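Input: a single structure, listed below in C-alpha cells.
Order of the sequence lines sets the chain letters (A, B, ...), proteins ahead of strands, with each chain counted from 1. Since this is a predicted model, take the numbers as computed values, not measurements. Both backbone and side-chain heavy atoms feed into the values below; hydrogens, waters and symmetry mates do not.
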2 protein chains.
Amino acid sequence: MKLKEFAKQLGLSPTTVSRALSGYPEVSEKTRKRVAEEAVRLGYRPNINAVRLVTGRAGAIGVVMGRNEFQFSEFMSGMAERLDSEDIDILVSPVADHDMKAELQLYSRLATSGRVDAVIIHSPKPNDERILLLHKLGIPFLVHGRSETNVPHAWLDIDNEGAIRRATSHLLDLGHRRIALINGRDGLTFTLHRDKGYREALEQRGLPFDPRLVTHGQFTDEIGFRSARSFLEQSPRPTAFVAGSMMTALGVYRAVRSVGLVVGKDISVIAHDDVFPYLTADNMVPSLSTSRSPLRAAGARSADLTLQLLTGRPATEIHELWPVELILRESTGPAPEA
Amino acid sequence: MKLKEFAKQLGLSPTTVSRALSGYPEVSEKTRKRVAEEAVRLGYRPNINAVRLVTGRAGAIGVVMGRNEFQFSEFMSGMAERLDSEDIDILVSPVADHDMKAELQLYSRLATSGRVDAVIIHSPKPNDERILLLHKLGIPFLVHGRSETNVPHAWLDIDNEGAIRRATSHLLDLGHRRIALINGRDGLTFTLHRDKGYREALEQRGLPFDPRLVTHGQFTDEIGFRSARSFLEQSPRPTAFVAGSMMTALGVYRAVRSVGLVVGKDISVIAHDDVFPYLTADNMVPSLSTSRSPLRAAGARSADLTLQLLTGRPATEIHELWPVELILRESTGPAPEA
DNA sequence: TTGAAAGCGGTACCAC
DNA sequence: GTGGTACCGCTTTCAA
C-alpha cells in the first residue's frame with residue numbers, strides 16, 4: 001500500500017495524509033485521528049527508504065563492535081530499550097580487532113553512504129584516530145569511553161580511575177601490600193585510567209609502584225589465568241588481585257585454586273563487573289567483590305545521548321561520567337599474616 | 001558529491017557512470033576503469049537510500065536477538081565475516097525475552113517497512129508463530145535452528161540430538177548410570193532435540209528415563225549452579241552432568257566443588273561449547289569435555305545462505321544440519337565405584 | 001486546513 | 001557503447 005493509494009481511499013490528498021501521520025500541527029484533529037485509524041486498519045506504512053531519501057535521515061545509529069567483545073549484547077540491549085519507542089534502527093558493523101585501517105575505512109563508508117545518522121564508538125584511545133576521522137567526516141558520534149583528543153566530541157564513560165582506586169584502597173585497608181592488577185588492553189583510555197587509579201591508591205599510602213605487578217590484555221579467562229599464575233610464582237607473591245572483568249576473574253579464581261590457595265582467605269580478588277544476566281558475581285564461590293557498573297544502562301543512556309546529539313544538542317555539552325559502585329563480597333578479606 | 005555532478009566531471013552521462021559502477025556488461029572496459037578510479041579519487045559514493053528506493057532492496061539483513069543472549073556477538077561476528085565483501089548491513093533488533101507479542105509486531109514492522117531484505121531468527125519452537133508470520137508476510141527468512149512447522153523455510157542447525165546422544169553415550173560407556181541433563185529453555189526445538197538425544201542414549205542401553213534428572217532453563221551460571229546443587233542432593237546422586245552451555249558448566253563446577261566433590265573424578269561433566277574467544281573449555285580446571293560447534297562459523301554460513309535466499313534459491317532447498325564434535329578432556333572420567 | 005507539484009539521488013528502459 | 005528521461009514513494013514548499 002502506497003501513500004497515493006491510501007490517500008485516495010481516504011478521499012484525501014497525499015499531502016494531508018503525510019502530515020497527519022507525521023503529527024504536523026496544521027491538520028485538524030478529526031482528520032488526524034481518522035488517518036491514524038485507517039492506517040492501522042488498512043496496514044499502511046510509509047516506505048522507509050523513500051522517507052530516508054527525501055528527509056536525508058538514515059533512521060539508524062551505527063555501532064562498531066570489536067569481534068571479541070562479549071559485552072556487546074548487553075550494551076546493545078540497553079540501546080534497544082531506549083530506541084524501542086523511536087523509529088530508529090541499530091546497525092551493527094563488527095570489525096576485526098586491532099585492524100585500525102579496516103575500521104577507519106568502515107567509518108568512511110558509514111558516513112558517506114548515509115546508512116546511519118550517528119555512530120557510537122567503543123574503547124577509545126587517548127589519541128584516537130577514529131575520533132579525528134569522524135569529526136572530519138562531519139558525522140555525529142558518541143564515544144563510549146573517553147579520549148584526550150582536543151577534537152570536540154560527546155562521550156559517556158564510567159569512572160574507571162575512581163573505581164580501581166577505591167578497589168585498590170580497600171585492599172590496602174585490609175592490609176594487603178602486594179596487589180596485582182590484571183588490566184585491559186594496553187593503550188586504551190580505560191586501561192590507562194585504571195592504571196592511574198591503581199597507582200594513586202598506592203601513592204596515597206606512600207607505597208612504591210611495582211611494574212611487575214601489572215599486566216595488560218584482553219578480557220578473557222585465559223589471560224586472567226595466565227597472569228594470575230605468573231603473579232603467584234613471584235616471591236613474595238601478591239596477596240590480592242584486581243581483575244579487569246568477570247571473565248578475567250574466572251581465570252584468576254582458577255589460578256589461585258590451582259596452586260592450592262583459597263580466594264577470600266589467602267588471596268583477595270576484586271573484579272570489575274558490567275552486570276551480565278548470565279554470569280553473576282554473587283554466584284561465584286566465594287562470591288566475588290566487584291566494582292560494578294551496568295553496561296545495559298550505559299547502552300540505554302548512550303542511545304539517549306546520541307538522540308540528543310541528533311536533535312542538535314552540541315557535542316561539547318554531552319559529557320557524562322558515571323560513578324562506579326564497590327560491592328564487597330566474600331572474595332576480599334584481610335591480608336594473611338606475612 | 002552526487003551522481004549528476006560526478007558524471008559531469010567525467011564528461012559522461014549519469015547512466016553510463018551508474019552502469020560502470022554497478023558492473024554492467026555493456027560499458028567498455030576502459031570507461032569502467034576510469035569511472036572506478038575517479039570515484040575513489042573524488043570520493044563519490046552512491047546515496048544508499050536513493051539506491052534502496054529505486055531498487056526496492058534494503059541492503060540489510062535483520063537479526064532479532066533475545067536480550068539475554070551472550071552468544072550473539074559471536075554469531076554476528078560470523079555474519080559480518082561473510083557480509084564484509086557485500087554491501088549489506090546487519091540490522092539488529094533486540095527484543096525482550098519471552099515477549100512473543102512484541103516480537104511478532106517487530107517482524108511485521110521490519111517486513112512492511114522495507115528496512116531489511118531478509119531476517120534471521122533464532123531459537124525457534126517446533127510450532128513457531130514467527131515462522132508462520134514471516135511466511136505470511138512474504139519476507140525471506142532463515143531459521144537458525146529448526147522447527148516443525150510445515151510452512152517451508154530455510155534453516156541451518158547443529159545436530160543437537162546427536163551431540164547430546166553421543167555425550168550421554170560416552171558417559172554411559174564410562175560406567176555412569178545416573179546422568180543429569182541441565183538443558184535449555186523449555187519448549188525450544190533445540191532443547192527438545194537435546195532431551196531426545198539424552199533419552200535415546202539411555203534407551204540404547206535399556207536404561208529407564210528419570211524425569212528428576214532433567215532441568216530446563218536459561219543458559220546462566222546461576223541455573224547451572226542451582227540445578228547441579230539440587231541434583232547433588234538426590235540420593236543416590238548423579239555421577240555425571242550434561243550441561244547446556246559454558247555458562248551453565250561454570251555453575252556446575254562450582255556446585256560440585258561446593259559439596260566437596262571433584263569434577264572429573266567424583267562427577268563427570270560434559271557441556272556444549274559454542275566456542276567463545278573469552279571463555280575456553282580447555283582452560284577450565286579441570287579442562288572441560290565438550291560437544292563443540294563454533295557459533296561464529298554458523299553465523300558466517302547463515303549470512304551466506306541468506307544471501308542465496310535473496311538471489312532466488314528456494315527456501316525448501318536450504319536445509320543444513322551440522323555435525324557436532326565431541327571433545328574429551330579432563331572433566332570426564334570413569335564412574336566412581338558405587 | 002487542504003492540495004498541487006517539485007524534488008530527494010539514483011536506476012533502467014528505450015532510443016541512438 | 002552511450003545518453004535522455006521516466007520513474008521509485010515520500011516530504012515539503014507554495015498557493016489556494
Side-chain angles (χ1 to χ4, degrees), chain A residues 1-36 38-39 42-60 87-89 109-117 310, chain B residues 1-36 38-39 42-60 87-89 109-117 310:
Chain A
M1 168 91 59
K2 314 172 191 225
L3 174 58
K4 217 170 161 180
E5 191 182 340
F6 177 56
K8 189 170 288 173
Q9 296 212 20
L10 291 187
L12 289 168
S13 73
T15 314
T16 304
V17 172
S18 170
R19 282 200 275 240
L21 254 22
S22 312
Y24 274 52
E26 60 263 59
V27 180
S28 80
E29 195 45 51
K30 205 169 63 185
T31 310
R32 178 198 320 297
K33 210 178 141 203
R34 187 162 76 93
V35 172
E38 289 295 288
L42 297 172
Y44 168 73
R45 305 227 47 182
N47 176 309
I48 189 103
N49 293 320
V51 174
R52 286 173 177 176
L53 174 59
V54 73
T55 60
R57 271 178 273 118
D87 205 28
I88 297 205
D89 298 322
R109 266 183 34 209
L110 279 175
T112 60
S113 70
R115 283 167 213 276
V116 295
D117 296 314
L310 253 22
Chain B
M1 166 92 59
K2 313 169 193 232
L3 175 57
K4 218 168 161 183
E5 192 183 338
F6 177 55
K8 190 170 287 173
Q9 296 212 19
L10 291 187
L12 289 168
S13 73
T15 314
T16 303
V17 172
S18 172
R19 282 201 275 240
L21 254 23
S22 312
Y24 273 54
E26 60 262 61
V27 180
S28 80
E29 197 45 53
K30 205 169 64 185
T31 310
R32 176 195 322 295
K33 209 177 141 204
R34 188 163 77 92
V35 171
E38 290 294 290
L42 298 172
Y44 168 72
R45 305 225 46 181
N47 176 310
I48 190 98
N49 292 320
V51 174
R52 285 172 177 176
L53 174 58
V54 73
T55 61
R57 271 177 273 118
D87 206 27
I88 297 204
D89 298 322
R109 266 183 34 206
L110 279 175
T112 59
S113 71
R115 281 165 215 276
V116 295
D117 296 313
L310 253 22

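In 5' to 3' order, the nucleotides of DNA chain D bounding all contacts with chain B (an atom under 4.0 Å from a heavy atom) are D:dG1 to D:dG9.
In this structure, B:L21 places its CG atom 15 Å from C1' of C:dA12, rounding to the nearest Å. In this entry the distance linking CG of B:L53 with P of C:dG7 reads 17 Å, nearest Å.
Within a heavy-atom distance below 4.0 Å of DNA chain C, no residue of residues 44-51 of chain A is found. Annotation: proximity of residues 6-14 of chain B to DNA chain C (heavy atom, distance under 4.0 Å) is found for no residue.
The C1' atoms of five pairs define one axis at each end of the helix from C:dT1-D:dA16 to C:dC16-D:dG1, and these two axes lie 30° apart (to 10°).
Side-chain atoms of B:D117 come within 3.5 Å of backbone N or O of B:G59 as a donor-acceptor pair. Side-chain atoms of B:R52 come within 3.5 Å of backbone N or O of B:A58 as a donor-acceptor pair. The backbone N or O of A:S18 sits less than 3.5 Å from a side-chain atom of A:S22, completing a donor-acceptor pair.
Note that CZ of A:F6 is 7.0 Å distant from CE of A:M1, once rounded to the nearest 0.5 Å. Separating the OG atom in A:S28 from the NZ atom in A:K33 is a distance of 11.5 Å, to the nearest 0.5 Å. Note that OG1 of A:T55 and CG of B:N49 are 7.5 Å apart. Values are rounded to the nearest 0.5 Å. For the atom pair A:E5 CD and A:L10 CG, the distance stands at 11.0 Å (nearest 0.5 Å). If you take CG on A:D89 and CZ on B:R109, they are separated by 7.5 Å, rounding to the nearest 0.5 Å.
Every pair passing side chain to side chain donor-acceptor pair (under 3.5 Å) that includes a residue from residues 6-17 of chain B is listed here, sequence neighbours excluded: B:S13-B:T16.
Nucleotides of DNA chain D nearest to B:T55 and B:S28 differ in position, and the one nearer the 5' end is that of B:S28. Residue whose closest nucleotide on DNA chain C sits further toward the 5' end, between B:K2 and B:Y24: B:K2.
Other residues, nucleotides and ligands contribute over 12 non-hydrogen atoms within 6.0 Å of the CZ atom of B:R45. With a 6.0 Å radius and a threshold of 12 heavy atoms from other residues, nucleotides or ligands, B:R57 has its CZ atom at or below the threshold.
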> Should B:L21 and B:V17 be marked as a side-chain contact (heavy atoms from CB on, under 4.5 Å) after you check the CA-CA gap, both sets of side-chain angles, and the distance that decides it?
Replying inline: CA-CA 6 Å; B:L21 254 23; B:V17 172; 4.0 Å; yes
Could you go over nucleotides 13-16 of chain C and give all protein N or O partners under 3.5 Å, atom names and distances?
residue : atom : partner : partner atom : Å
C:dC13  : N4   : B:R19   : NH1          : 3.4

